[in-house]
Undergrad: 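Here's a structure for you.
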Amino acid sequence: MGRKLLIHNDHIPNIHTLAVYRANGGYASVEKALKTMQPDQVTDEVKKSGLRGRGGAGFPTGMKWSFLAKPEGVPRYLVCNADESEPGTFKDRYLMEKIPHALIEGMITSSFALGAKTSYIYIRGEYFYVARIVEAAIAEAYAAGWLGKNILGTDFSHDCYVQVGGGAYICGEETALLESLEGKRGNPRIKPPFPAVAGLWGCPTVVNNVETIAAVVPIVNMGGEEYAKIGVGKSTGTKLISASGHINKPGVYEIELGITVEDFIYSDEYCGGIRNGKKLKAIVAGGSSVPILPAALAITTAKGEPRLMTYESLSDGGFLTGTMLGSGGFIAMDEDTSIVKNLFTFSRFYHHESCGQCSPCREGTGWMEKILQKFLNGTANESDVDLLWDIQSKIEGKTICPLGEAAAWPVAAAIRHFKHEFIEIAQKKKFVDISHYDRLNKLVKA
Amino acid sequence: MKVTIDGIEIDVPKGTTILQAARMIGPDVAPPTMCYHSKLKTSGGYCRTCIVKVTQGSAANPTPMPKPVASCRTEVMEGMVVENTINADVLEARKGVVEFLLMNHPLDCPVCDQAGECDLQNLGYSHGAATTRYEFPRREFERIDIGKYVQLHMTRCIMCFRCVKVAEQLTDNRVHGVMHRGDAAEISTYIENVIENEMSGNVIDVCPVGALTDKTFRFKSRVWFTKPVDANCDCKKCAGKVRLWMKGDEVLRVTARKDQWGEAVDFICNECRFEKKKTSDWKIEGPSHIARTSVISQNHYEHLNELKLQVMKQQKALGFMDINKRP
């Protein structure tokens, strides 16, 4: 059994209440940090732990915190990004739903380190019931004196608020999230300036993912060095993986970074193998926007080494033969899956979620979806494959925010590894089964 | 600060953007722009036509920037090296952007009032491909009358956000903005509210395409049949420095004066723009300078006779037949 640090208590009944959470060692990190540590010491522990952002980019959290500008007389903010919208990712929902106090504890400890008197938890609109759970937990924390003025009798005061978004994918991008939090249209800002200098209402702001903030709790409790011993190389600690797709046991798993992909898919502790005894065809390792990998490359790298569930190993070989850990949205596909149909679903999503600010993403995502629709209809030509490739190359890296890349990478990877499927459809040798969509449309209409 | 653009070094003050530095060097190295407007704060960054490659971030940190950057929103650093027209990747990417911008554009130039002074037309001509690879139906919107003077034709819009910035920065109450998202996004006055403000007419001047047009001028004339004349008047609301577009003695329309880059120099008020349509309302300064490459100067170069003589001289030297002499 791997070590669990974040959701080790999720089986305990009523762990979502403060009393049970406290009885199981909750809020120890707040006590330790506020009573025995200086804010900079907490940041140092996070730096030592090697914790990397769990939202997708994998940027070292300690470094992000140390970039925070600290001008005199200007408030600083901590914002928790709970706008978990990447298709295939549902770990934050699980954490907030089961153990909301883990997040709140992390918010208080992190805010202490950053010197933030106010923090916000931005939850996506679809998670409305989760927002209710977190709000109830915050109310409990206020009543027990973990939030509010002079926490634990120290001179540290902190307020934490929940804000529910409108359910837009783009608001998971940190500057769009800040715009939305300010009550504006959720459009990404043009960087620089970065939020660490001018974020929420123009003040220095740190935006962190739910899991990142929750991971601060074990780091403070056990010490950064101890935390860094878990994992491999620069991928330290544990990570929540949302496993879905054609596996026997879908769900949220906490893994120690460094287990092999093969173990994760086939061991009974985690996914339990591919369902109905089918063969694995491909995986998407970190949410829909990261490149898809065919089974052979997913299990072993191009060098022949077993591929590990770490930031480095998954991106080994670049995008030619690798992918990314991303947000940990692990989707496994069996041999019957049509990559083209899967890609269409992804592309339709990015087209729907493009904010419309910059032209390559606004126009390109829709164009790619329309071309993929041709593949589904059976009216595509071979030249459409090259056209798709050209369009994605003209979106990638040319946009304001990473949504452009998120839309372009899956298209590029699908063509890179599964070009033959596109060609077969274009040559009318095979067709995509779209009866599923017909049934869905009928359901929607009825 | 010293910055090198396309191999040309220039000294610029701190806070200058790459685009401004390139414009200081000259039009040959200046990237084209659609959404940037020098007189509007926080404009730019959306259309991505001005993207350039930074091959050296600064003298202190010489690593190249991984992605192409929008030159209109990126400030220069000491010792920065930028590649624009000499980088094949940049030109290819820009071609892609032009394709994206034209993809849902109706290309109804023959009936569009903006034709002849349209930034998108010029951009397509200089940087685009001759044909499109887009084979699907184009986006269409209904025309919206916003007030007495302005008409909005969203079908032509390229979402530059300039008109939104005008409403934000020149008027005290912004009543229009962007609705919806992605390729369904549209400039809207929200339930077709009338834009009623003294400076609202400037949205017409900042619109790079024919999405916002002057209802007092619609279908009156092609712009290249009118003569631009600089004029002024004593106006309490604005600087009163305008450009009259005349046909004979008739003033067909009044606009702000535009600089070399097609951006309004001084914003003008609605009274000057829409109400003063008589020559007696204005003190005329003289003919406006229009770039020779513009279709507007087709029939009236400033030094036409001189030019004709030059052309004839060249033709004679080349042994051409003098077309003015009958055999």
Side-chain angles (χ1 to χ4, degrees), chain A residues 166-171 176 184-193 348-374 379-381 383-384 386-388 390-405 407-408, chain B residues 17 34-36 42-53 65-70 72-75 77 89-90 92-105 120 123 132-139 157-161 164 177-187:
Chain A
Y169 175 74
I170 191 66
C171 290
K184 297 176 194 154
R185 185 185 159 85
N187 276 352
R189 293 176 187 167
I190 291 162
K191 286 171 271 188
R348 189 172 55 172
F349 174 80
Y350 291 112
H351 172 210
H352 185 253
E353 295 294 342
S354 169
C355 82
Q357 251 192 142
C358 58
S359 32
C361 175
R362 177 182 65 233
E363 309 291 351
T365 50
W367 193 1
M368 291 198 298
E369 190 209 326
K370 286 183 183 122
I371 293 171
L372 285 162
Q373 178 78 57
K374 275 176 75 179
T379 54
N381 308 314
S383 63
D384 285 330
D386 301 330
L387 183 56
L388 263 181
D390 196 50
I391 297 170
Q392 71 78 21
S393 73
K394 280 175 174 159
I395 299 175
E396 194 208 336
K398 318 291 190 295
T399 52
I400 295 174
C401 80
L403 199 147
E405 272 107 74
Chain B
T17 60
M34 294 298 291
C35 65
Y36 171 78
T42 71
S43 70
Y46 306 120
C47 69
R48 317 306 283 181
T49 44
C50 70
I51 48 174
V52 292
K53 179 84 190 153
M65 290 192 187
K67 295 178 195 172
V69 296
C72 60
R73 292 294 283 266
T74 312
E75 287 182 9
M77 305 280 277
D89 291 345
V90 169
E92 186 63 22
R94 193 168 290 152
K95 212 171 150 187
V97 173
V98 177
E99 188 174 25
F100 288 133
L101 285 174
L102 287 170
M103 213 177 87
N104 268 309
H105 192 77
L120 187 60
L123 181 73
T132 179
R133 297 179 292 173
Y134 186 71
E135 46 177 340
F136 305 98
R138 282 159 201 253
R139 190 166 59 224
C157 177
I158 56 155
M159 300 299 289
C160 70
F161 289 75
V164 181
V178 179
M179 292 207 309
H180 310 307
R181 69 181 180 207
D183 57 6
E186 57 176 299
I187 299 290

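Note that this is a predicted model, so its numbers are computed, not measured.
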Undergrad: Decide, yes or no, whether a salt bridge links B/Glu92 with A/Lys394 under the criterion of side-chain N to carboxylate O below 4.0 Å.
TA: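 Judged by the 4.0 Å cut-off on N to carboxylate O distance, B/Glu92 and A/Lys394 do form a salt bridge.
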Undergrad: Just verifying a value: how many Å separate B/Arg48 CZ and A/Ile400 CD1, rounded to the nearest 0.5 Å?
TA: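 Rounded to the nearest 0.5 Å, the CZ-CD1 separation comes out at 5.0 Å.
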Undergrad: Looking at CG of B/Asp89 and OG of A/Ser393, how far apart are the two atoms once the value is rounded to the nearest 0.5 Å?
TA: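 Result: 10.0 Å between the selected atoms.
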Undergrad: Of the backbone (N, CA, C, O) and the side chain (C-beta and beyond), which part of A/Ile170 lies under 4.5 Å from a heavy atom of chain B, both, or neither?
TA: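 Neither part.
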Undergrad: Return yes if some donor-acceptor pair links the side-chain N/O of B/Arg73 with the main-chain N/O of A/Lys191 below 3.5 Å, else return no.
TA: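 Checking the backbone N and O of A/Lys191 against the side chain of B/Arg73, no donor-acceptor pair under 3.5 Å is found.
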Undergrad: Taking side chain as everything from C-beta outward and backbone as N, CA, C, O, which of these in B/Val178 sits under 4.5 Å from a heavy atom of chain A? Side chain, backbone, both or neither.
TA: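 B/Val178 touches chain A through backbone and side-chain heavy atoms alike.
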Undergrad: Would you find more than 12 non-hydrogen atoms of other residues, nucleotides or ligands less than 6.0 Å from B/Met77 atom CE?
TA: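 Counting neighbours around CE of B/Met77, 12 or fewer heavy atoms of other residues, nucleotides or ligands fall under 6.0 Å, so no.
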Undergrad: Just so I understand: if I count every heavy-atom pair under 4.5 Å between each of B/Gly45, B/Gly44, B/Cys160 and chain A, which residue has the most?
TA: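 Highest number of pairs under 4.5 Å: B/Gly45.
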Undergrad: May I ask you to name which of B/Glu99, B/Arg133, B/Lys67 has the most heavy-atom pairs under 4.5 Å with chain A?
TA: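 Among B/Glu99, B/Arg133, B/Lys67, the one with the most close pairs to chain A is B/Arg133.
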Undergrad: Ignoring hydrogens and angles, tell me if any N or O in the side chain of A/Arg362 forms a donor-acceptor pair with the backbone of B/Ile158 under 3.5 Å.
TA: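 Yes; judged by distance alone, with no hydrogens or angles, the pair exists.
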Undergrad: Measure A/Thr399 against the heavy atoms of chain B and call it side chain, backbone, both or neither at under 4.5 Å.
TA: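 Interface part for A/Thr399: backbone (N, CA, C, O).
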Undergrad: Verify side-chain contact (heavy atoms from CB on, under 4.5 Å) between B/Arg181 and A/Gln357, making sure each step is shown before the conclusion.
TA: CA-CA 8 Å; B/Arg181 69 181 180 207; A/Gln357 251 192 142; over 6 Å; no
Undergrad: Checking A/Lys374 against chain B: side chain, backbone, both or neither under 4.5 Å from a heavy atom?
TA: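 Side chain only.
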Undergrad: Determine the option with the most heavy-atom pairs under 4.5 angstrom with chain B, choosing from A/Cys358, A/Pro360, A/Gly397.
TA: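 Of A/Cys358, A/Pro360, A/Gly397, A/Pro360 has the most heavy-atom pairs under 4.5 Å with chain B.
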Undergrad: Quick one: NZ on A/Lys370 to CG on B/Asp183, what's the gap to the nearest 0.5 Å?
TA: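 Answer rounded to 0.5 Å: 5.5 Å.
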Undergrad: Identify which part of A/Glu396 has an atom lying under 4.5 Å from any heavy atom of chain B, answering side chain, backbone, both or neither.
TA: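 For A/Glu396, no heavy atom lies under 4.5 Å from chain B.
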Undergrad: In sequence, state the C-alpha distance, the side-chain angles, and the governing distance for B/Thr42 and A/Arg189, and then conclude on side-chain contact (heavy atoms from CB on, under 4.5 Å).
TA: CA-CA 10 Å; B/Thr42 71; A/Arg189 293 176 187 167; over 6 Å; no
Undergrad: side-chain contact (heavy atoms from CB on, under 4.5 Å), that's the test. Do A/Asn187 and B/Tyr46 meet it? Break it down for me.
TA: CA-CA 11 Å; A/Asn187 276 352; B/Tyr46 306 120; over 6 Å; no
Undergrad: Are the side chains of A/Ser359 and B/Met159 in contact, using a 4.5 Å heavy-atom criterion?
TA: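 A side-chain contact under 4.5 Å is absent here.
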Undergrad: Examine whether an atom of B/Met103 lies under 4.5 Å from a heavy atom of chain A, and if so say whether it belongs to the side chain, the backbone or both; otherwise answer neither.
TA: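 Interface part for B/Met103: side chain.
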Undergrad: Atom OH in B/Tyr134, atom CG in A/Leu387: separation rounded to 0.5 Å?
TA: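 The CG atom of A/Leu387 is 11.5 Å from OH of B/Tyr134, to the nearest 0.5 Å.
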Undergrad: Output the distance between atom CE (B/Met179) and atom CZ (A/Arg185), rounded to the nearest 0.5 Å.
TA: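 Rounded to the nearest 0.5 Å, the CE-CZ separation comes to 9.5 Å.
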Undergrad: Can you tell which part of A/Gln373 gets under 4.5 Å to a heavy atom of chain B, answering side chain, backbone, both or neither?
TA: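 For A/Gln373, no heavy atom lies under 4.5 Å from chain B.
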Undergrad: Heavy atoms only, distances under 4.5 angstrom: which of B/Lys95, B/Arg139, B/Glu75 has the most pairs with chain A? Name it, please.
TA: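 Heavy-atom pair counts peak at B/Arg139.
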